[in-house]
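Notes for the one structure printed next.
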Amino acid sequence: MSKCVVIGVTGGIAVYKALDVISALRKKDIEVHVIMTESASKFVNPLTFQSISQNMVVTDMFAEPKAWEIQHISLAQKADLMLIAPATANIIGKVANGIADDMLSTTIMAAAKAKVIFAPAMNTNMYQNRIVQGNIEKLKSYGYEFIEPASGRLACGDIGIGKLADVNTIVERVLTELSDKEQDLKGKKVLVSAGPTIAPIDPVRYLTNRSTGKMGYAIAEEARDRGAEVILVSGPTNLNPPKNVRIINIKTNEEMKNEIFNNFEWADIVIKSAAVADYKPKEYSKEKIKKGEDDLNICLTRDNDILKSLGDIKTHQVLVGFAAESNDVLKNAEKKLKNKNLDFIVANDITSSDTGFGSEDNKVVIISKNNEKLELEKMSKKEVASNIFDMILEKR
Ligand code: CTP
């Protein structure tokens with residue numbers, strides 16, 4: 001059965017580029033329905049979208065219905081995916097704040113099964129405005145996804161970020177989302193660790209690190225989507241727990257070690273993306289430490305290297321580690337691969353601000369114990385996860 005994409009087009013100079021996206025999707029036999037906002041229809045006539053999509057274009061909520069259905073509900077139900085391209089600051093702001101006052105915003109609000117992806121396009125200052133960025137963060141926390149705008153010369157003459165992402169990038173993303181994932185991990189049991197651990201100092205304070213858990217959660221979701229049974233052992237994060245994944249929340253290195261060891265025998269594949277604290281205060285103070293006039297020294301003692309212990313005892317498991325490095329990335333990663341007796345290591349350079357800790361993307365090299373290297377471009381953490389499993393299935 002052919003897939004159905006509902007494309008929401010909002011008013012901006014990039015409206016015409018949505019036509020190329022639709023045309024590419026139609027060539028793949030994907031059913032496309034277009035909803036235009038009133039301002040979008042001032043840039044390009046809806047008739048053009050009608051011809052390219054080969055479907056009626058909806059603009060007005062209260063227009064005479066063409067069929068006896070409530071249109072915003074029926075389109076929301078029909079869609080396998082909703083793409084808002086170009087997405088203005090206005091539509092992002094409306095959805096983030098629960099406003100549903102036209103055909104497009106009501107349809108987005110009524111979408112339950114379909115993933116909604118925004119491809120923003122606007123002036124650089126608008127895009128970087130904290131209100132817009134706050135709205136984007138809020139939508140991401142609710143599960144809405146974004147295709148980052150590109151940088152370059154904008155229609156207004158400014159140079160900076162805010163151009164609608166490249167048409168090919170948008171089309172690729174839509175096709176990836178629509179593709180039925182091959183169930184090549186069916187029957188496999190995958191154990192993933194994610195996020196930071198904390199090392200308490202006293203009842204108020206603790207030591208931790210900058211890991212947000214995004215990479216590990218993406219790995220757990222990818223394994224689930226490909227048919228695996230998944231346990232995710234997670235340190236404290238602000239992420240929503242993935243559906244259909246058994247999540248075990250922990251705080252300290254010791255708690256993570258216990259949960260990982262309890263489930264190690266069960267697992268076929270173990271991926272340790274957590275940023276585990278290597279040290280903890282030698283003594284935990286049961287009382288809150290009071291300040292004094294002098295410097296305060298806290299003595300730290302070594303904590304468990306969980307991955308190394310797993311490498312020592314592994315039998316049938318494929319063991320994958322991460323190497324967060326700020327220098328000599330490959331050399332240090334190869335050392336860890338060997339010392340910890342791993343099958344694969346995923347090396348990432350944590351010094352770049354748009355990849356690694358906290359960001360949506362990552363740029364990694366995956367190295368196998370046979371020294372095969374897969375050097376990947378910067379890509380979403382979900383795509384990195386997909387490459388990790390491809391490499392495990394191919395090279396093992
Ligand atoms: N790891 C672990 N237990 C630790 C430290 C790390 O299980 N105490 C795991 C991580 O989950 C990761 C891999 O080991 O998969 C490498 O972690 P990383 O922090 O890059 O390396 P370390 O071994 O801690 O070495 P260093 O901090 O000196 O770079």
Side-chain angles (χ1 to χ4, degrees), residues 1-12 14-37 40-41 43-61 66-67 69-88 91-92 94-95 100 102-121 139-140 142-150 164-182 221 225 380 382-383 386:
M1 216 178 66
S2 91
K3 300 275 182 176
C4 170
V5 178
V6 171
I7 301 199
V9 183
T10 67
V15 163
Y16 71 97
K17 292 187 187 165
L19 291 166
D20 290 338
V21 173
I22 295 165
S23 168
L25 296 179
R26 287 297 301 131
K27 282 185 190 142
K28 301 265 178 198
D29 268 340
I30 292 165
E31 187 184 333
V32 178
H33 292 269
V34 178
I35 304 173
M36 295 178 81
T37 59
S41 67
F43 284 90
V44 176
N45 192 311
L47 197 59
T48 316
F49 279 93
Q50 198 165 297
S51 314
I52 304 283
S53 69
Q54 296 166 298
N55 268 315
M56 299 302 292
V57 170
V58 192
T59 45
D60 184 356
M61 273 251 290
K66 303 282 181 303
E69 325 178 280
I70 302 172
Q71 252 174 332
H72 65 278
I73 304 291
S74 72
L75 277 180
Q77 281 170 350
K78 199 181 277 191
D80 293 300
L81 183 78
M82 280 196 77
L83 169 73
I84 319 302
T88 55
I91 190 73
I92 291 169
K94 280 210 269 190
V95 181
D102 61 7
M103 192 64 191
L104 180 57
S105 48
T106 45
T107 308
I108 296 173
M109 212 59 85
K113 89 170 172 156
K115 183 181 273 190
V116 181
I117 303 181
F118 291 85
L139 287 174
K140 282 183 180 171
Y142 290 142
Y144 292 89
E145 294 189 9
F146 282 78
I147 303 174
E148 295 289 305
L164 182 71
D166 184 60
V167 168
N168 288 335
T169 308
I170 298 176
V171 173
E172 282 287 301
R173 174 70 177 273
V174 171
L175 295 178
T176 309
E177 293 292 341
L178 292 179
S179 70
D180 292 314
K181 279 265 160 85
E182 208 186 325
E221 285 168 6
D225 292 348
S380 73
K382 191 86 199 293
E383 287 167 305
S386 166

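- Under a 3.5 Å cut-off, the side chain of Thr88 and the backbone N or O of Gly11 do not form any donor-acceptor pair.
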Item to complete: Applying side chain to side chain contact (heavy atoms under 4.5 Å, CB included), run through Val32 and Ile52 and close with a yes or a no.
Response: CA-CA 9 Å; Val32 178; Ile52 304 283; over 6 Å; no

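- For NZ of Lys28, the number of neighbouring non-hydrogen atoms (other residues, nucleotides, ligands) closer than 6.0 Å is 12 at most.
- The heavy-atom pair separating Ala165 from Glu148 by the smallest distance is CB-O, 3.4 Å.
- Atom CG of residue Leu75 and atom CD1 of residue Ile35 lie 5.0 Å apart, to the nearest 0.5 angstrom.
- Applying the side chain to side chain contact (heavy atoms under 4.5 Å, CB included) test between Glu145 and each of Val116, Ile117, Leu83 identifies Ile117 as the sole match.
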Worksheet item: Between Phe49 and Thr59, does a side chain to side chain contact (heavy atoms under 4.5 Å, CB included) hold up when you go through it step by step?
Response: CA-CA 11 Å; Phe49 279 93; Thr59 45; over 6 Å; no

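- Looking only at distances, no side-chain donor or acceptor of Thr107 sits under 3.5 Å from a matching main-chain atom of Ala76.
- Remark: Ile91 CD1 to Phe118 CZ distance equals 6.5 Å, nearest 0.5 Å.
- Across Ala87 and Thr10, no two heavy atoms sit closer than the pair CA-OG1, 3.5 Å.
- Closest approach of Ala79 and Val6 over heavy atoms only: CB-CG2, 3.6 Å.
- Annotation for Pro120 and Ile147: closest pair CD-O, 3.2 Å, computed over non-hydrogen atoms.
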Practice prompt. Give the intermediate values and the outcome of side chain to side chain contact (heavy atoms under 4.5 Å, CB included) for residues Asn55 and Glu31.
Written response: CA-CA 9 Å; Asn55 268 315; Glu31 187 184 333; 4.1 Å; yes

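- Scored by the salt bridge (Lys or Arg N to Asp or Glu O under 4.0 Å) test, Lys17 finds no partners at all (sequence neighbours excluded).
- Residue Ile30 comes nearest to Lys3 through the heavy atom pair CG2-O, 3.5 Å, listed as atom of the first residue, atom of the second, then distance.
- Checking side-chain atoms of Ser386 against main-chain N and O of Lys382 turns up no donor-acceptor pair under 3.5 Å.
- In this structure, Gln50 places its CD atom where more than 12 heavy-atom neighbours from other residues, nucleotides or ligands lie under 6.0 Å away.
- Taking OG of Ser53 as the start and CZ of Arg26 as the end, the distance is 7.5 Å to the nearest 0.5 Å.
- In this structure, the side chain of Ser23 does not engage the main chain of Leu19 through any donor-acceptor pair within 3.5 Å.
- Distance check, rounded to the nearest 0.5 Å: SG of Cys4 to CG of Leu25 gives 11.0 Å.
- Taking Glu177 as the reference, Lys115, Arg173 meet the side-chain hydrogen bond (donor to acceptor under 3.5 Å, both in side chains) condition, with sequence neighbours excluded.
- Listed here is the closest heavy atom pair of Val9 and Ala18: CG2-CB, 4.3 Å.
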Item to complete: Before giving the answer on side chain to side chain contact (heavy atoms under 4.5 Å, CB included), spell out for Ile108 and Tyr144 the whole-Å C-alpha distance, their side-chain angles and the decisive distance to 0.1 Å.
Response: CA-CA 10 Å; Ile108 296 173; Tyr144 292 89; 4.0 Å; yes

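- Side chains of Phe146 and Leu139 form a contact here, defined as non-hydrogen atoms less than 4.5 Å apart.
- Around the NZ atom of Lys113, the shell of radius 6.0 Å holds more than 12 heavy atoms that belong to other residues, nucleotides or ligands.
- Side chains of Ser105 and Asp102: a donor-acceptor N/O pair is present below 3.5 angstrom, by distance only.
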